[in-house]
Amino acid sequence: MPQEVCNVAFDVSKPPRPELGDFSTNVAMVLAKVARRAPQAVAEAITRHLARHPLVERVEVVAPGFINFHLSPGWLQSAVAECLERGEAYGRSTLGAGKRVQVEFVSANPVGPLHIGNARGGPYGDVLSNLLEATGYEVTREYYINNGPENTQLQTFGASLQARYLQLLGEDVPLPEGGYQGEYVIELAQEIVDREGDRHRDVPRDQEGARTFFWLVADRMVEMLRKDCESLGIHFDVWFSEQSLADSGAVDRAVALLKERDAAYEADGAVWLRATQFGDEEDRVLVRSSGAPTYIASDAAYAVNKFLERGFDHVIYVWGPDHAGYVPRLKAAVAALGVEPERAEVIIYQTVRFLRGGEPVRLSKRQGSIIPISEIIEEVGLDATRFFFLMRSVDAHLDFDLDLARRRTEENPVYYVQYAHARIRSIEREVAARGFEVTQAPRLDLLTDPVEREVMRFLVEYPELVSDAARERAPHRLTHFAVDLARTFHQFYDRCRVLAPEEPELSAARLALVQATGQVLRNLLGLLGVTAPEQM
RNA sequence: GCGCCCGUAGCUCAGUUGGAUAGAGCAACGGACUUCGGAUCCGUGGGUCGGGGGUUCGAGUCCCUCCGGGCGCGCCA
């Protein structure tokens, strides 16, 4: 929580150890420089002038100059009450003030199923969207279908499909150089044979022909990707076709607009974007001398669509690491259109490394050694798959150990968290079974055990976690918080008997704490798109 | 060669934007229920935060430099 006083930045944070209080500030140490006095003396002076607040039990100055606040138990107790009162809404906020944000993610080329190499952006983009919605933004989840006329991967894929098709018709045709070897290409070719027989036998085996073949299965490819995304628990609001930008003339209009703004010029028979004027290293070709637009021209047209036509306040692109070098170009294109470049935010996630038998598996779609995400989901379950993808910061590489993932019995953090929730449900069932009396207004002041206090701390912090994770674009903070909360709850369960007939008031108070914890776990798992099981 | 990301316990990773004694999970070893779920809990060992220099009250965090790994650098996407 950074603050500012006398032009000096200081912050308020949680001390590393409970005995140091509930909140701490370094303001005295920061001000010491300006005041030219010892930090400790400044801290003492500030402390003397602090107004008393009913929730602050006591204030301490600790070397080298921290001011630590110990809050009264009432503060923590109110969080339990608030959590129970707000239920599913606990943790949600209106910070986003209804601003419209578009999150474009996955957007894998429509040339095959979603696989472990390009799937990481899925859970990430989805949970980021959840976080933005939870903090009051209006979010559109969008998939950009890279089916544009110049996509060379489509050419290769189409040519591979054509070759498989002809092979099925009995012709001795080799796969093209670097062609797609995956089984699914043969299956797709078979579908064409089944549906339309040999009527495409004489399609010329050139670029045009490859494209023709791609379009025979284009809808099928999108359907395949949509199904894979749905099986990952991801639903897109919009599936946007790159080809539609070319068909509608939007690409030409975008190039014209850039020229009009003097952000593009002609040279060597091509049209260039003045990218260097907007922070890129060199100018970029928008339209080749052949007259064919490049990918950046489509992206400019798409940006016009996003910012100028649909009017999103903010747009987030979630890209794989191979696109890192493309960021300045996109930002330049956006700026060249007259849109504030900070409204276009690009998040690059790092690679996923596959381990089998402790050895990295090389992933190459072309060699057909892809591992479809559907296979992983089938083997380790949707919950574990999503949780696993979300445990690491997007900046960090992610290791996916196949052998570990295949073993259903293997300990997985997601089970640890889910078990905490199942345990809570079990306690609640026990309450019903025993006819335990539930008090309307539990005496929360009876929750004085340090571990009870710890659990309450988590409940208090949860709303701030959500807003922090949203602001930092850091879904992994949710998984870490979930594990930490689960651990603290298990400790509480171990040390504090919830249902103690001889102490009905304490039992009622602990039950309230249990219920509030269950609520936070459900809200947390809900944001992650992971189920909160009633029992396991 | 240039750009981006990474380097923290045996392994995989956090580290709240510069704070207090650097934390988890797995792995290893040793313990704990007559009652709410043992998929749990408690304890032990394990670190020159890749190396060096700098900035300051204070650096895993910021700057410089070197080393090591990943990715990218086309009128491809």
Side-chain angles (χ1 to χ4, degrees), chain A residues 1-2 9 11 13-17 20 24-26 29-30 32-33 38-39 62-66 68 109 146 148 150-155 242 268-272 281-282 284-290 292-296 298-299 320-328 348-351 353 355 358 391-399 401 404 409-413 415-416 418-420 422-431 433-434 436 461 464-465 468-469 472 474 476-477 479-480 483-484 486-487 489-501 507 510-511 514 535-536:
Chain A
M1 192 186 305
D11 56 40
S13 60
K14 182 189 173 186
R17 292 189 305 286
L20 291 172
S24 175
T25 176
N26 64 349
M29 289 183 285
V30 177
K33 200 176 299 180
V62 178
F66 290 103
N68 294 344
N109 281 322
N146 293 279
E150 303 300 323
N151 188 332
T152 51
Q153 283 192 41
L154 290 195
Q155 306 283 359
E242 181 187 357
D268 305 329
V271 181
W272 299 72
E281 287 176 353
E282 45 190 290
R284 307 293 179 176
V285 172
L286 280 167
V287 183
R288 285 173 276 237
S289 48
S290 67
T294 63
Y295 189 71
I296 188 68
S298 287
D299 265 346
D322 52 337
H323 284 67
Y326 194 75
V327 177
I348 303 286
Y349 61 83
Q350 293 302 311
T351 47
R353 195 172 57 155
L355 301 178
M391 282 197 67
R392 308 294 176 229
S393 158
V394 277
D395 289 335
H397 298 246
L398 174 61
D399 270 8
D401 187 328
L404 195 67
T409 54
E410 187 61 36
E411 291 239 4
N412 187 319
Y415 297 136
Y416 185 78
Q418 288 181 316
Y419 182 60
R423 204 170 215 185
I424 286 166
R425 285 310 205 198
S426 173
I427 296 170
E428 290 171 351
R429 282 192 296 272
E430 193 67 20
V431 168
R434 293 190 190 182
F436 215 92
E461 282 171 20
E464 196 179 328
L465 168 81
D468 284 353
E472 296 168 15
H476 76 280
R477 298 222 14 210
T479 54
H480 285 273
V483 171
D484 290 342
R487 179 180 309 112
F489 176 76
H490 286 309
Q491 288 168 348
F492 157 77
Y493 179 87
D494 192 64
R495 287 170 50 180
C496 301
R497 170 108 203 143
V498 179
L499 305 180
S507 294
R510 284 180 172 165
L511 183 60
V514 167
Q535 53 190 25
M536 293 171 72

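Per chain, numbering begins at 1; letters A, B, ... match sequence-line order.
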- Query: What's the CG-C1' distance between D322(A) and C5(B), to the nearest Å?
  - Reply: 13 Å

- Query: What distance do I296(A) atom CD1 and R284(A) atom CZ have between them, rounded to the nearest 0.5 Å?
  - Reply: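 That separation rounds to 9.0 Å.
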
- Item | E281(A) CD: over 12 foreign heavy atoms closer than 6.0 Å | no

Could you check whether [X] gets within reach of a base, just the sugar-phosphate, or nothing at all, counting any heavy atom under 4.0 Å?
| X | value |
| --- | --- |
| P15(A) | base |
| T351(A) | sugar-phosphate |
| R487(A) | sugar-phosphate |
| D484(A) | nothing |
| A396(A) | sugar-phosphate |
| E150(A) | sugar-phosphate |
| D468(A) | nothing |
| D299(A) | nothing |
| S24(A) | base |
| R284(A) | nothing |

- Item | S393(A) and H476(A) side chains, donor-acceptor separation under 3.5 Å |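 Judged by distance alone, the side chains do not pair up.
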
- Message: Is it the case that the side chains of Y349(A) and D395(A) hold a donor-acceptor pair, with the cut-off being a distance below 3.5 Å and no angle test?
- Response: no

- Kindly state whether the pair F66(A) / A20(B) counts as stacked, where counting means centroids closer than 5.5 Å and planes tilted less than 30° apart.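 Given the distance and angle limits, yes, they stack.
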
[X] side chain: which of [options] is closest?
| X | options | answer |
| --- | --- | --- |
| Y326(A) | A77(B), C13(B), C36(B) | A77(B) |
| D399(A) | U17(B), A77(B), C13(B) | C13(B) |
| Y419(A) | C75(B), A39(B), C41(B) | A39(B) |
| D268(A) | U17(B), C75(B), A20(B) | C75(B) |
| D494(A) | G37(B), C2(B), C41(B) | C41(B) |
| R392(A) | U12(B), C5(B), G37(B) | U12(B) |
| E242(A) | A77(B), C36(B), C5(B) | A77(B) |
| L499(A) | C41(B), C36(B), A39(B) | C36(B) |

- With sequence neighbours excluded, what pairs up with D484(A) under the side-chain hydrogen bond (donor to acceptor under 3.5 Å, both in side chains) test?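 Applying side-chain hydrogen bond (donor to acceptor under 3.5 Å, both in side chains) to D484(A) gives R487(A).
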
- Query: Taking only residues two or more places apart in sequence or in another chain, which ones pass side-chain hydrogen bond (donor to acceptor under 3.5 Å, both in side chains) with Y419(A)?
  - Reply: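 So Y419(A) forms no side-chain hydrogen bond (donor to acceptor under 3.5 Å, both in side chains) with any residue.
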
For [N], the Watson-Crick or wobble partner whose two distances fall under 3.5 Å:
| N | answer |
| --- | --- |
| U44(B) | A28(B) |
| C4(B) | G70(B) |
| U61(B) | none |

- Item | Nearest-nucleotide comparison on RNA chain B, the residue closer to the 5′ end among P293(A) and H476(A) |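 Its nucleotide being nearer the 5' end, the pick is H476(A).
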
- Query: Start at the 5' end of RNA chain B and walk down; is the nucleotide closest to S393(A) or to L20(A) reached first?
  - Reply: S393(A)

- Query: Using the glycosidic torsion, which applies to U61(B): syn (within 90° of 0) or anti (everything else)?
  - Reply: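 Judged by the O4'-C1' to base torsion, U61(B) sits in anti, the angle falling more than 90° away from 0.
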
- Polar pair under 3.5 Å, donor/acceptor by atom type, side chain N26(A), base G19(B): yes

